[in-house]
Engineer: 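Let me give you the structure first, and then I'll get to my questions.
Within every chain, numbering begins at 1; the chains are lettered A, B, ... in the order of the sequence lines, protein sequences first and strands thereafter.
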Amino acid sequence: MARITAGVGCSHVPAIGVAMDTGITDQPYWQPVFKGFEKSREWIKEKNPDVIFLVYNDHCTVFDASCIPTFALGCAAEFAPADEGWGPRPVPVVKNHQKMASHIAQSLILDEFDITIMNEMEVDHGLTVPLSVMYGDKTPEDEWPALVIPLCVNVVQYPAPTGNRCYNLGKAIRRAVESFDEDLNVVIFGTGGMSHQLQYKRAGLINQEWDTAFLDRLTSDPVGLSQMPHVEYLREAGSEGVEMVMWHVMRGALDDDVTEVHRHYHVPASNTAVGHIILENKAS
Amino acid sequence: MARITAGVGCSHVPAIGVAMDTGITDQPYWQPVFKGFEKSREWIKEKNPDVIFLVYNDHCTVFDASCIPTFALGCAAEFAPADEGWGPRPVPVVKNHQKMASHIAQSLILDEFDITIMNEMEVDHGLTVPLSVMYGDKTPEDEWPALVIPLCVNVVQYPAPTGNRCYNLGKAIRRAVESFDEDLNVVIFGTGGMSHQLQYKRAGLINQEWDTAFLDRLTSDPVGLSQMPHVEYLREAGSEGVEMVMWHVMRGALDDDVTEVHRHYHVPASNTAVGHIILENKAS
Amino acid sequence: MAIKKDYEDIPGTFVFDADRGREGYHLNQFCISLRLQKNRDAFNADEEGYLDAYPMTPEQRDAVLKREWNRLLELGGNIYYTSKLAANDGINFQDLAGIMTGMGREAYRDMMLNGGRSPEGNRYQSEWDEKETD
Amino acid sequence: MAIKKDYEDIPGTFVFDADRGREGYHLNQFCISLRLQKNRDAFNADEEGYLDAYPMTPEQRDAVLKREWNRLLELGGNIYYTSKLAANDGINFQDLAGIMTGMGREAYRDMMLNGGRSPEGNRYQSEWDEKETD
Ligand SMILES: [Fe+3]
Ligand SMILES: [Fe+3]
């Protein structure tokens with residue numbers, strides 16, 4: 001039986017990818033950002049997941065405004081890094097566990113989540129940056145050490161799915177994973193955030209107090225946290241801070257009781273507060 | 001306030017469209033098919049809905065296998081008839097109530113239905129044939145008498161959404177319609193079916209007894225009917241009979257108590273049993 | 001797989017699930033491309049050349065070229081896709097069913113006019129197996 | 001509309017809802033087309049000609065040609081789309097924010113290095129209105 005053993009929350013700031021791709025991670029600006037991922041890289045090497053279920057959002061790269069799925073599950077054999085306007089990131093193609101992905105799709109739909117199945121898809125920084133920060137530098141000739149099942153969530157066109165829906169989707173993903181017969185160690189990633197606003201006159205908003213409370217409540221009060229209305233994200237964490245709803249998918253897929261094994265928080269990376277957490281199921 | 005006043009269940013057999021488009025509806029083969037819609041045409045002229053919320057499925061025409069949404073809501077300004085392999089049907093372009101459509105999309109997502117928003121979309125016979133049978137012959141120069149909000153449901157790639165999910169979606173659509181401020185008379189269509197199998201060695205399966213019970217239970221036992229598992233549709237009503245799940249969306253959007261004001265059932269149209277029902281809310 | 005395929009004992013029927021969808025992906029994408037006139041023209045002018053753009057298996061390609069309609073379904077095709085190839089050849093859904101059932105166009109049409117294929121004896125594979133050994 | 005826009009009193013912010021999405025549709029579709037090199041090349045060779053393919057309003061078109069980044073948002077653009085136009089011009093997200101806030105590149109970067117824009121006084125439009133009348 002496959003099982004989800006841990007969850008990773010992680011910002012996916014594109015500038016972090018650019019810093020890695022251009023080799024400037026030891027500059028004073030970037031050094032503290034990457035310092036906080038040193039322990040994470042050891043942890044994931046140790047944990048060595050077979051499959052990463054990666055919840056992210058596309059940033060109007062692969063999905064244009066003609067078709068906007070709320071939840072799009074990647075069922076293709078592989079996912080190439082997309083050109084986001086300055087050429088594709090020089091990282092490996094992402095390989096899927098295709099059979100498990102379509103098992104999860106079937107299970108989720110029968111479990112009354114109205115998934116869109118993607119049999120062809122490229123992926124943007126929302127998916128590749130978390131892999132880069134966790135696994136370190138990889139060239140297009142390398143392979144990512146884990147297979148990746150991508151779940152792309154709409155958080156650009158209002159409304160994103162509610163936190164409650166995301167949390168319950170996490171629970172349904174867990175049921176789907178646990179009903180897959182292969183013996184696989186699965187880690188789930190929730191990505192995006194933390195507080196940031198990229199647009200207009202309020203750009204640059206950072207709310208460290210709010211971010212810290214969010215990270216705390218992932219362990220102490222995940223259900224309560226998932227009830228937060230959209231307007232609070234928008235007002236308190238910036239218009240792009242609503243990406244944080246994706247972390248509830250990750251949290252919902254874990255046990256009620258988890259152990260926080262690592263946390264990292266730093267301001268700034270570009271316009272953004274970088275946040276990162278690793279949660280393990282107590283039984284694992 | 002907008003309100004849903006009635007529901008129409010209706011087969012959408014492509015051959016019915018071809019018969020109308022080629023002017024052979026008075027041939028002995030087709031005459032009984034169209035005879036049963038005479039009362040329906042009077043009814044809809046009388047009812048004169050402002051908006052039709054039309055639940056249908058695409059038949060691998062507009063959606064290919066690369067992207068398969070479970071529920072895709074049409075939010076574009078208009079929807080052109082698609083070329084399905086023999087040229088587009090010579091019928092009017094379908095016009096949307098775009099503002100109401102996007103209101104419904106927002107409402108459904110906040111109500112935890114994971115809709116895919118379509119801002120560009122063509123439509124196949126699944127949508128245009130029910131309009132043709134209800135409104136009669138129309139040329140591309142005419143206009144459909146009502147605006148149409150299309151909801152496209154995946155019933156081709158297994159699994160379709162459950163009957164229960166469809167029924168509850170109907171209830172959520174009703175809530176969305178009733179929270180739209182404009183004073184509009186809305187009729188909801190559920191299309192597809194009845195029993196039919198288009199494929200392989202069991203093609204031609206027709207189950208009149210099952211179809212009749214389905215039509216009966218729409219009035220007498222809609223909730224029980226919505227609990228039917230997929231395998232019963234597939235086994236009893238043919239592999240393409242699973243389209244009938246879309247009728248539950250229509251039924252869920254109506255009052256618990258409805259009056260059956262018209263029914264029509266005929267075998268065959270091409271490979272298919274033609275079924276049709278009109279249900280009115282008692283209060284309307 | 002832990003999701004039981006409770007539909008596999010229906011005779012003469014393929015349920016187009018994820019496993020079939022994966023197997024038939026490029027075949028089906030080829031078929032749907034024929035919904036546009038410019039693609040139908042290109043395919044009809046040079047079938048082999050047109051098919052080169054779709055990385056299907058040799059068996060699938062062969063079944064396309066030979067118009068083996070049942071074989072296309074056995075190899076992961078879905079009827080809504082393969083019917084686009086049939087439409088290109090001027091074959092409608094009813095005549096395609098006449099071919100796939102092995103009954104032929106007239107006999108199939110007559111069956112439909114007489115109420116269609118009864119569900120009696122056509123619900124379970126075991127019912128078909130019995131018939132064959134009769 | 002009966003869905004209350006409870007987010008409209010956030011200052012200096014556009015929430016990209018259905019109304020904005022409708023208004024900005026062709027503008028945003030133009031912007032996303034620039035994610036591909038061949039489209040960037042075509043646009044850079046002939047901006048006016050390239051824009052003719054996108055039926056946006058004259059105001060939107062003008063704002064594109066003049067690179068009026070805030071105006072693009074006011075006219076229904078979304079930052080993830082307009083950032084594709086900025087990327088084409090060699091402007092990254094941070095420098096774009098420096099322009100949109102009116103602070104300029106250096107002052108904006110310094111604000112971020114000092115912990116970013118505080119939520120204090122930046123949660124409600126009324127707080128900004130007060131500041132202006134001070
Ligand atoms: Fe993001
Ligand atoms: Fe159909």
Engineer: Using a cut-off of under 4.5 Å on heavy-atom pairs, state which of B:Val267, B:Val156, B:Thr61, B:Leu198 scores highest against chain C.
Structural biologist: B:Thr61
Engineer: Please flag which part of B:Gln157 lies under 4.5 Å from any non-hydrogen atom of chain C: side chain, backbone, both or neither.
Structural biologist: both
Engineer: Name the region of C:Thr13, side chain, backbone, both or neither, that has any atom closer than 4.5 Å to a heavy atom of chain B.
Structural biologist: both
Engineer: Under 3.5 Å, is there a donor-acceptor pair between the side chain of B:Lys201 and the main chain of C:Gly102?
Structural biologist: no
Engineer: Give, as side chain, backbone, both or neither, the part of C:Asp95 having an atom under 4.5 angstrom from any heavy atom of chain B.
Structural biologist: neither
Engineer: With side chains defined as the heavy atoms from C-beta onward, is the minimum distance between B:Asn271 and C:Tyr108 less than 4.5 Å?
Structural biologist: yes
Engineer: Using heavy-atom distances under 4.5 Å, tell me whether B:Phe63 contacts chain C through its side chain, its backbone, both, or neither.
Structural biologist: backbone
Engineer: Taking all non-hydrogen atoms of both residues, which atom of B:Arg202 and which atom of C:Arg117 are closest, and how far apart?
Structural biologist: O-NE, 3.2 Å
Engineer: What pairs with C:Thr101 under side-chain hydrogen bond (donor to acceptor under 3.5 Å, both in side chains), at least two apart in sequence or on another chain?
Structural biologist: none
Engineer: Please identify, among B:Ala269, B:Pro268, B:Pro88, B:Gly238, the residue contributing the most non-hydrogen atom pairs under 4.5 Å to chain C.
Structural biologist: B:Pro268
Engineer: Backbone N or O of C:Tyr124 within a donor-acceptor pair of the B:Arg235 side chain at under 3.5 Å?
Structural biologist: no
Engineer: Any idea which heavy atoms bring C:Ala87 and B:Gly85 closest together, and the distance?
Structural biologist: CB-O, 4.3 Å
Engineer: Less than 4.5 Å to any heavy atom of chain B: does that hold for the side chain of C:Asn78, its backbone, both, or neither?
Structural biologist: side chain
Engineer: What's the verdict on side-chain contact (heavy atoms from CB on, under 4.5 Å) for B:Trp86 and C:Asn92, showing C-alpha distance, side-chain angles and the deciding distance?
Structural biologist: CA-CA 10 Å; B:Trp86 52 86; C:Asn92 66 26; over 6 Å; no
Engineer: Does anything in residues 30-57 of chain C get under 4.5 Å of chain B by heavy atoms, and if so which residues?
Structural biologist: C:Ile32, C:Leu34, C:Arg35, C:Leu36, C:Gln37, C:Arg40
Engineer: Where do C:Pro119 and B:Ile206 come nearest, in terms of heavy atoms and distance?
Structural biologist: CD-O, 3.3 Å
Engineer: For chain C, which candidate among B:Glu84, B:His230, B:Gln197, B:His196 shows the most heavy-atom pairs at distances under 4.5 Å?
Structural biologist: B:Gln197
Engineer: When you look at CZ of C:Arg105, are more than 12 heavy atoms from neighbouring residues, nucleotides or ligands closer to it than 6.0 Å?
Structural biologist: no
Engineer: State, with a plain yes or no, whether a side-chain heavy atom of C:Phe14 is found less than 4.5 Å away from one of B:Ser239.
Structural biologist: no
Engineer: From B:Ser270 OG over to C:Phe93 CZ, what is the distance, rounded to the nearest 0.5 angstrom?
Structural biologist: 8.0 Å
Engineer: Pick whichever of C:Arg109, C:Gln94, C:Glu74, C:Met111 has the most heavy-atom pairs under 4.5 Å with chain B.
Structural biologist: C:Gln94
Engineer: Measuring centre to centre across the rings, with the benzene-like ring taken for any Trp, is C:Phe16 within less than 6.0 Å of B:Tyr158?
Structural biologist: no
Engineer: Is the number of heavy atoms from other residues, nucleotides or ligands under 6.0 Å of B:Glu209 CD greater than 12?
Structural biologist: no
Engineer: Could you walk me through whether B:Ser66 and C:Tyr25 pass the side-chain contact (heavy atoms from CB on, under 4.5 Å) test, one step at a time?
Structural biologist: CA-CA 9 Å; B:Ser66 67; C:Tyr25 187 71; 3.4 Å; yes
Engineer: Would you say the side chains of B:Gln199 and C:Tyr80 form a donor-acceptor pair under 3.5 Å?
Structural biologist: no
Engineer: Does C:Arg123 reach the side chain of B:Asn207, with side-chain heavy atoms less than 4.5 Å apart?
Structural biologist: yes
Engineer: Looking at B:Tyr200 and C:Ile79, would you say the former's side chain and the latter's main chain have a donor-acceptor pair under 3.5 Å?
Structural biologist: no
Engineer: Under a 4.5 Å heavy-atom cutoff, which of B:Ala82, B:Ala15, B:Gly87, B:Ala203 has the most pairs with chain C?
Structural biologist: B:Ala203
Engineer: So what's closer than 4.5 Å to chain C heavy atoms on B:Pro14: side chain, backbone, both or neither?
Structural biologist: side chain
